[in-house]
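Worksheet: the structure to be examined is printed underneath.
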2 protein chains.
Amino acid sequence: MKKIYLKDIAKHLNVSKTAVSLVLNNKGDENKISLATQKRIKEYAKKHNYEPNQLARSLSTGKSKNIGLIIPDISDTFYAKIASRVENMSEKLGYTVLFSSSNENPNKETKLIQSLLNRQVEGLIIASTQQNQKDIQILKTKNMPFVLIDRYYPNYDTNYVIVDNYGGVNDAVKHLWDLGRRKIGFISLKPGLEAMRQRLMGYRDAMKDFGVDTDDVIKELSYNNYENEIKNAIEELVRHPNNVDSIMFSTHYLAALGLRELRSLNIKVPDDVAIISFDEMGAFDLVDPPITSVLQPVSDIGGFAVKILMQEIEGKSVEIEKRMVLDTELIVRRSCGAS
Amino acid sequence: MKKIYLKDIAKHLNVSKTAVSLVLNNKGDENKISLATQKRIKEYAKKHNYEPNQLARSLSTGKSKNIGLIIPDISDTFYAKIASRVENMSEKLGYTVLFSSSNENPNKETKLIQSLLNRQVEGLIIASTQQNQKDIQILKTKNMPFVLIDRYYPNYDTNYVIVDNYGGVNDAVKHLWDLGRRKIGFISLKPGLEAMRQRLMGYRDAMKDFGVDTDDVIKELSYNNYENEIKNAIEELVRHPNNVDSIMFSTHYLAALGLRELRSLNIKVPDDVAIISFDEMGAFDLVDPPITSVLQPVSDIGGFAVKILMQEIEGKSVEIEKRMVLDTELIVRRSCGAS
DNA sequence: TTGAAAGCGATACCAT
DNA sequence: ATGGTATCGCTTTCAA
């Protein structure tokens with residue numbers, strides 16, 4: 001059973017390639033091709049398992065039916081879940097998703113964008129390293145539809161779907177305060193990412209509202225060495241003169257690492273130090289103690305991103321909001337000392 | 001700055017498209033194109049940001065530089081990690097990965113395979129639903145390079161990279177036995193997947209070695225309703241007449257669900273019931289108690305799969321083993337009652 | 001209704 | 001060394 005092409009069908013049936021193409025794309029009726037011919041063509045195609053070459057079709061139509069998704073790391077559950085949603089939705093709409101991971105490397109991001117463009121994607125969804133405004137601007141000048149997710153460029157006008165990082169942390173910190181915690185530390189990653197900056201501000205502003213000075217209890221770790229740096233950070237926070245009674249972690253893997261560290265220091269959570277994590281990992285509810293987390297609406301991020309992108313690509317009439325800031329949800333568990 | 005094509009360069013420089021194509025593909029020297037011309041072409045191309053249309057190139061060369069990856073679910077950490085490895089390796093080799101999730105649905109798998117073939121992928125890596133031997137056979141008759149991962153068809157001759165499911169469970173169960181557990185239950189998913197069958201056999205054979213009857217302590221849940229069924233399964237195992245003192249879970253999410261259930265029944269782990277999980281989730285070491293797990297060499301699965309696939313695609317001379325059964329590793333933590 | 005032919009953007013063969 | 005031209009497989013315009 002060897003491969004069969006459009007022209008083969010045409011030849012064997014003594015019709016033109018045009019007819020075959022039209023019929024197989026269900027444009028037979030509108031082009032008034034006789035039902036008899038249509039039937040012959042369809043049957044022959046089915047019988048011989050004809051499958052069109054999408055590359056050729058794309059080249060011809062100028063539509064690849066591909067969209068690109070660039071994320072920092074597909075093995076991070078947060079991005080994996082977004083990717084899952086993006087893929088499922090796109091697939092239903094007839095689009096294939098080309099994933100790629102930037103590993104937080106701006107140069108790689110640049111290359112990936114270029115590579116995806118070369119592959120004629122019709123649009124992009126990007127969780128940018130945020131050190132690449134240049135590339136993003138290029139996309140815009142090229143009129144390439146795209147939407148940023150998770151991270152955006154605050155000074156540059158684009159579509160985006162992000163979460164309320166500021167509010168999420170702000171609420172969480174206030175929650176700790178309401179539970180009687182007064183010396184609240186904050187462990188995060190060094191700036192560079194707007195999301196991290198927002199989370200820091202959410203923390204700072206909350207503390208400012210309470211009139212507490214935070215200079216010494218904010219620890220920002222570097223991106224490529226946080227595994228090692230967190231040990232010191234935790235130690236400095238919990239011992240004199242800081243003696244924090246609680247720590248807000250700006251992201252789930254920091255919270256996990258931090259908890260391991262607290263344990264090895266024999267510090268009781270939440271009795272000695274309460275903790276809250278921004279975002280969570282699969283088993284955070286099973287951890288000892290279960291970790292209070294600020295949940296992000298992961299699926300929605302992917303879902304809205306696809307919706308916005310499709311609107312840009314296909315120019316649907318119904319306009320939807322193209323800048324979305326989604327709410328987070330505080331899931332209270334024992335690690336913050338509640339209940 | 002509008003888009004520029006090969007022919008534009010040729011025209012502006014008064015050379016042929018051939019020359020431009022050759023030079024830009026670094027075949028200038030071997031085709032003895034004068035250095036002067038080469039330089040002109042390269043400079044012009046760079047200056048005007050020429051980027052070749054991969055679709056056109058692929059159509060012309062017959063090589064898409066795409067490979068397809070089909071997995072059940074990208075949001076499952078296990079597959080996400082494999083995908084991550086596959087992507088990183090492929091990217092270095094100049095290939096783009098087209099991911100797609102079958103959601104354990106054989107029909108969707110069929111469609112995905114077809115869709116990827118239409119997009120002219122040069123090879124496939126598939127974690128099959130295992131209800132699709134037909135499609136796999138078709139791939140073979142089409143001479144399409146592919147390698148199965150995680151799941152394979154035991155009665156059908158293909159390349160694959162899997163783990164030693166049998167041995168992994170067998171060892172884990174023996175470990176429980178060595179710790180003094182005698183009534184060991186097993187919770188898994190209904191057959192269909194060879195991996196699950198192997199895990200079951202690993203358990204059965206271990207128990208047979210000990211001369212223990214297991215008929216009543218094996219619970220196989222259905223794929224689409226295990227969240228609900230696990231409650232009963234656990235209850236039946238722990239209460240009279242079974243009274244198991246330990247449970248082996250055939251996969252990480254069952255272990256997580258199971259632990260939640262055990263807790264809500266106020267059963268102490270590991271004192272009353274020890275547990276071991278096949279595979280793990282991100283925070284299993286932080287759980288109360290930390291969960292003993294059979295680790296799979298996730299990255300290697302992806303890595304070897306790409307290696308094998310590339311060998312098939314590019315026909316490298318160095319032959320490597322094309323059926324690999326990788327070893328698992330038992331990570332002993334407190335949930336099994338050790339230490 | 002149907003078919004011929006141009007075109008999508010590249011590669012590669014075959015002359016010159 | 002360089003260029004003309006066929007080709008990849010399909011869509012689509014235009015004439016018949």
Side-chain angles (χ1 to χ4, degrees), chain A residues 2-42 44-45 48-66 94 115 117-122, chain B residues 2-42 44-45 48-66 94 115 117-122:
Chain A
K2 77 170 201 301
K3 198 147 186 191
I4 187 180
Y5 301 104
L6 201 60
K7 64 169 179 221
D8 300 323
I9 303 185
K11 196 183 297 169
H12 282 272
L13 257 36
N14 269 316
V15 295
S16 71
K17 290 201 302 179
T18 313
V20 181
S21 172
L22 253 25
V23 170
L24 261 20
N25 285 303
N26 288 315
K27 294 182 186 161
D29 289 336
E30 67 193 69
N31 288 77
K32 303 185 186 165
I33 291 178
S34 73
L35 283 179
T37 324
Q38 293 206 34
K39 202 172 161 203
R40 281 170 63 218
I41 292 175
K42 281 187 175 160
Y44 191 90
H48 292 265
N49 273 309
Y50 170 74
E51 293 287 344
N53 179 328
Q54 287 295 342
L55 253 41
R57 168 179 274 168
S58 299
L59 182 59
S60 182
T61 58
K63 302 204 173 310
S64 66
K65 287 288 181 176
N66 283 157
S115 158
L117 291 183
N118 294 349
R119 284 164 193 279
Q120 315 302 117
V121 294
E122 297 184 43
Chain B
K2 78 173 199 300
K3 199 148 184 188
I4 186 179
Y5 301 106
L6 202 62
K7 64 171 180 222
D8 300 323
I9 301 185
K11 197 183 298 169
H12 284 272
L13 257 38
N14 269 315
V15 296
S16 71
K17 289 203 303 178
T18 314
V20 180
S21 172
L22 253 24
V23 170
L24 262 21
N25 285 301
N26 287 314
K27 293 180 187 163
D29 289 338
E30 66 194 70
N31 286 75
K32 303 185 187 166
I33 291 179
S34 71
L35 284 179
T37 325
Q38 294 206 33
K39 204 173 158 201
R40 280 170 64 217
I41 293 176
K42 281 187 176 159
Y44 191 89
H48 292 263
N49 272 309
Y50 170 72
E51 293 287 344
N53 179 327
Q54 287 296 341
L55 253 42
R57 168 180 275 168
S58 298
L59 181 59
S60 184
T61 59
K63 301 205 174 308
S64 66
K65 288 288 179 175
N66 283 158
S115 158
L117 292 184
N118 295 349
R119 283 164 193 278
Q120 315 301 119
V121 293
E122 298 183 44

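Keep in mind it's a predicted model, so treat the numbers as computed, not measured. Throughout, protein chains are lettered first and strands after them, A, B, ... in sequence-line order, and every chain is numbered starting at 1.
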* To do: Give one of base, sugar-phosphate or nothing for B/D29, where a contact means two heavy atoms less than 4.0 Å apart.
  => nothing
* Counterpart residues, side-chain contact (heavy atoms from CB on, under 4.5 Å), relative to A/L59 (two or more places apart) -> B/N53, B/A56, B/L59
* **Residues that B/Q54 engages under side-chain contact (heavy atoms from CB on, under 4.5 Å), provided they are two or more places apart** => A/N118, A/R119, B/R57
* Asked: If we fit an axis to the first five pairs and another to the last five of the helix from C/dT1-D/dA16 to C/dT16-D/dA1, what angle do they make, to the nearest 10°?
  -> 50°
* Structure fact -> Taken to the nearest whole Å, NZ/A/K11 to P/C/dG3 is 15 Å
* Of all residues at least two apart in sequence or in a different chain, which pass the side-chain hydrogen bond (donor to acceptor under 3.5 Å, both in side chains) check with B/T37? -> B/S34
* A/L55 side chain reached by B/S64 side chain, heavy atoms, under 4.5 Å -> yes
* **CD1-NE2 distance between B/I4 and B/H48, expressed to the nearest 0.5 angstrom** => 5.5 Å
* Residues two or more places apart in sequence or in another chain: which of them pass side-chain hydrogen bond (donor to acceptor under 3.5 Å, both in side chains) with B/D29? -> B/Q38
* Could you check whether A/D8 gets within reach of a base, just the sugar-phosphate, or nothing at all, counting any heavy atom under 4.0 Å? => nothing
* Structure fact -> DNA chain D: first to last nucleotide in contact with chain A (atom under 4.0 angstrom from a heavy atom), 5' to 3', is D/dG9 to D/dT13
* To do: Please list all pairs passing the ring-ring contact (aromatic ring centres under 6.0 Å, His included) test where one or both residues lie in residues 2-37 of chain A, with sequence neighbours left out.
  => A/H12-A/Y44
* May I ask you to say what B/S58 touches in the nucleic acid, namely base, sugar-phosphate or nothing, with a heavy-atom cut-off under 4.0 Å? => nothing
* Could you tell me whether the side chain of A/V20 reaches within less than 4.5 Å of the side chain of A/Y50, counting heavy atoms only? => no
* Asked: Partners of B/K63 by side-chain contact (heavy atoms from CB on, under 4.5 Å), sequence neighbours excluded?
  -> B/T61, B/E122
Atom pairs under 3.5 Å: protein N/O with N/O of nucleotides 8-12 of chain C:
{"unit_1": "C/dG9", "atom_1": "OP1", "unit_2": "B/Y5", "atom_2": "OH", "d": "3.2"}
{"unit_1": "C/dG9", "atom_1": "N2", "unit_2": "B/A56", "atom_2": "O", "d": "3.3"}
{"unit_1": "C/dA10", "atom_1": "OP1", "unit_2": "B/Y50", "atom_2": "OH", "d": "3.0"}
{"unit_1": "C/dA10", "atom_1": "OP1", "unit_2": "B/N53", "atom_2": "N", "d": "2.9"}
{"unit_1": "C/dA10", "atom_1": "OP2", "unit_2": "B/L6", "atom_2": "N", "d": "2.8"}
{"unit_1": "C/dA10", "atom_1": "O5'", "unit_2": "B/Y50", "atom_2": "OH", "d": "3.4"}
{"unit_1": "C/dA10", "atom_1": "N7", "unit_2": "B/K17", "atom_2": "NZ", "d": "3.4"}
{"unit_1": "C/dA10", "atom_1": "N3", "unit_2": "B/S60", "atom_2": "OG", "d": "3.4"}
{"unit_1": "C/dT11", "atom_1": "OP1", "unit_2": "B/N25", "atom_2": "ND2", "d": "2.9"}
{"unit_1": "C/dT11", "atom_1": "OP1", "unit_2": "B/R57", "atom_2": "NE", "d": "2.9"}
{"unit_1": "C/dT11", "atom_1": "OP1", "unit_2": "B/R57", "atom_2": "NH2", "d": "3.0"}
{"unit_1": "C/dT11", "atom_1": "OP2", "unit_2": "B/S21", "atom_2": "OG", "d": "2.4"}
{"unit_1": "C/dT11", "atom_1": "OP2", "unit_2": "B/N25", "atom_2": "ND2", "d": "3.4"}
{"unit_1": "C/dT11", "atom_1": "O4'", "unit_2": "B/S60", "atom_2": "OG", "d": "2.6"}
{"unit_1": "C/dA12", "atom_1": "OP2", "unit_2": "B/K27", "atom_2": "NZ", "d": "3.4"}
{"unit_1": "C/dA12", "atom_1": "N6", "unit_2": "B/T18", "atom_2": "OG1", "d": "2.9"}

* Asked: Do B/N26 and B/K42 come close enough that some side-chain heavy atom pair is under 4.5 Å?
  -> yes
